[in-house]
A.B. asks: 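Take a look at the following structure, please.
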Amino acid sequence: MSEIRFYHLQTQDLGQALPQVLTKAISGGKRVIVRLPNDDLAEKMAAHLWTYNPDSFLPHGTKKDGFAEDQPVYITAGNDNPNKADLLITGLGVAPEDVDQFALVCEFLDGHDEAQITAARQRWKTYKDAGHAITYWQQTPTGGWEQKA
C-alpha cells in the first residue's frame with residue numbers, strides 16, 4: 001500500500017510550494033515524478049524551477065529535455081515513470097490512477113478551487129477503502145504545513 005498525503009494550498013500556489021518539497025525529497029534520496037495536466041504546464045513548471053531562486057539548483061527535466069531515466073525530478077503530463085520514481089507529486093487538478101506504483105503520493109490541491117477539493121474528497125474515500133495510509137496537510141499563513149487528519 002502507498003502512503004498518500006493531501007496538501008491543501010492556502011497561501012501559496014503550486015509554483016511557490018513545490019521547490020521546497022522537491023528540495024527536501026531530493027536531499028532525502030527520493031526520485032520524483034511531478035505530474036501536471038498537460039505538457040505546456042509541465043514545461044512552464046520546469047522553466048519556473050530553473051529561475052525561482054537564482055541561488056539554488058534543483059535538478060529536473062521534462063520530455064523535451066530527454067534523458068528521462070536520469071532525471072531525479074521528472075515533470076510530465078504522462079502516466080509513465082521513466083526515472084523509476086518512488087514519489088509522485090500531482091497538482092493543478094491531476095488525479096492519479098496509479099498510486100500503487102509509488103511508495104508516497106503527494107496531491108497538491110488549490111484551496112481556492114472547490115472542484116479540486118470535492119474531487120480530492122472522493123479520492124480520499126477511494127484510497128481509504130483500498131487500504132492506503134492517508135494524511136491531510138493544510139498550509140499555514142506562513143507557508144508551512146500543519147497536519148489536520
A.B. asks: Distance from L41 atom CG to H48 atom NE2, nearest 0.5 Å?
C.D. replies: 13.0 Å
A.B. asks: Do P82 and I33 have side chains that get closer than 4.5 Å, going by heavy atoms?
C.D. replies: yes
A.B. asks: The criterion is side-chain contact (heavy atoms from CB on, under 4.5 Å); which residues satisfy it with K64, sequence neighbours excluded?
C.D. replies: E43, T62
A.B. asks: Who pairs with T140 by side-chain contact (heavy atoms from CB on, under 4.5 Å), at least two apart in sequence or on another chain?
C.D. replies: T142, E146
A.B. asks: Do K63 and Y74 come within less than 4.5 Å of each other through their side chains, counting heavy atoms only?
C.D. replies: yes
A.B. asks: Once you round to the nearest 0.5 Å, how far does CE of M45 lie from CH2 of W50?
C.D. replies: 14.5 Å
A.B. asks: So, for P37 and G91, which heavy atoms are closest and what is the spacing to 0.1 Å?
C.D. replies: CD-O, 3.8 Å
A.B. asks: Could you tell me whether K44 and D39 have a side-chain N and a carboxylate O separated by less than 4.0 Å?
C.D. replies: no
A.B. asks: Would you name the heavy atoms of V94 and R123 that are closest together and state the gap between them?
C.D. replies: O-NH2, 4.4 Å
A.B. asks: Once side-chain contact (heavy atoms from CB on, under 4.5 Å) is applied, do any residues pair with S56, and if so which ones, sequence neighbours excluded?
C.D. replies: Y52, N53
A.B. asks: What's the separation between atom SG in C106 and atom CG in L88, rounded to the nearest 0.5 Å?
C.D. replies: 8.5 Å
A.B. asks: For the backbone of P96 and the side chain of R35, can you confirm whether one donor and one acceptor N or O come within less than 3.5 Å of each other?
C.D. replies: no
A.B. asks: Show, in sequence, the C-alpha distance, side-chain angles and deciding distance for E69 and N83, and conclude whether the side-chain contact (heavy atoms from CB on, under 4.5 Å) test is met.
C.D. replies: CA-CA 4 Å; E69 64 280 354; N83 65 343; 5.6 Å; no
A.B. asks: Atom CD1 in I117, atom NE2 in H112: separation rounded to 0.5 Å?
C.D. replies: 8.5 Å
A.B. asks: Evaluate the criterion side-chain contact (heavy atoms from CB on, under 4.5 Å) for residue pair F108 and I89; output intermediate values, then yes/no.
C.D. replies: CA-CA 7 Å; F108 282 82; I89 295 175; 3.7 Å; yes
A.B. asks: Please report the C-alpha distance between E114 and R121 in whole Å, then the side-chain angles of each, then the deciding distance to 0.1 Å, and finally whether the salt bridge (Lys or Arg N to Asp or Glu O under 4.0 Å) criterion is met.
C.D. replies: CA-CA 11 Å; E114 196 57 42; R121 285 183 181 130; 3.7 Å; yes
A.B. asks: Is atom CD of Q20 surrounded by more than 12 heavy atoms (other residues, nucleotides or ligands) closer than 6.0 Å?
C.D. replies: no
A.B. asks: Would you check if P72 and H60 make a side-chain contact, meaning some heavy-atom pair closer than 4.5 Å?
C.D. replies: no
A.B. asks: Assess, by modelled atom type and distance only, whether the side chains of H8 and Y136 contain a donor and an acceptor separated by less than 3.5 Å.
C.D. replies: yes
A.B. asks: With side chains defined as the heavy atoms from C-beta onward, is the minimum distance between P59 and Q71 less than 4.5 Å?
C.D. replies: no
A.B. asks: Using side-chain hydrogen bond (donor to acceptor under 3.5 Å, both in side chains) as the criterion, list what pairs up with R31, not counting sequence neighbours.
C.D. replies: none
A.B. asks: Go through the structure and list residues passing side-chain contact (heavy atoms from CB on, under 4.5 Å) with T135, not counting sequence neighbours.
C.D. replies: R5, W137, Q147
A.B. asks: Any donor and acceptor pair, going by atom type alone, linking the side chain of S2 with main-chain N or O of V99 inside 3.5 Å?
C.D. replies: yes
A.B. asks: Decide yes or no on side-chain contact (heavy atoms from CB on, under 4.5 Å) for W124 and I4, but give the supporting numbers first.
C.D. replies: CA-CA 9 Å; W124 175 289; I4 301 172; over 6 Å; no
A.B. asks: Just wondering, do V34 and T76 contact through their side chains at under 4.5 Å, heavy atoms?
C.D. replies: no
A.B. asks: I need the L9 CG to D113 CG distance, nearest 0.5 Å.
C.D. replies: 11.0 Å
A.B. asks: Any side-chain heavy-atom pair from L14 and L36 closer than 4.5 angstrom?
C.D. replies: yes
A.B. asks: Given N81 and D98, is the side-chain contact (heavy atoms from CB on, under 4.5 Å) satisfied, shown in steps?
C.D. replies: CA-CA 10 Å; N81 185 2; D98 55 350; over 6 Å; no
A.B. asks: Give every donor-acceptor pair under 3.5 Å between a side-chain atom in residues 21-28 and any protein atom, sequence neighbours left out.
C.D. replies:
residue : atom : partner : partner atom : Å
T23     : OG1  : P19     : O            : 2.8
S27     : OG   : T23     : O            : 3.2
S27     : OG   : K24     : O            : 2.9

A.B. asks: Taking the side chain as everything from C-beta on, heavy atoms only, tell me whether V105 gets closer than 4.5 Å to E3.
C.D. replies: no
A.B. asks: Regarding Q122 and Y127, do their side chains bring together a donor and an acceptor under 3.5 Å, going by distance alone?
C.D. replies: no
A.B. asks: Looking at CG of L109 and CD of Q139, how far apart are the two atoms once the value is rounded to the nearest 0.5 Å?
C.D. replies: 11.5 Å
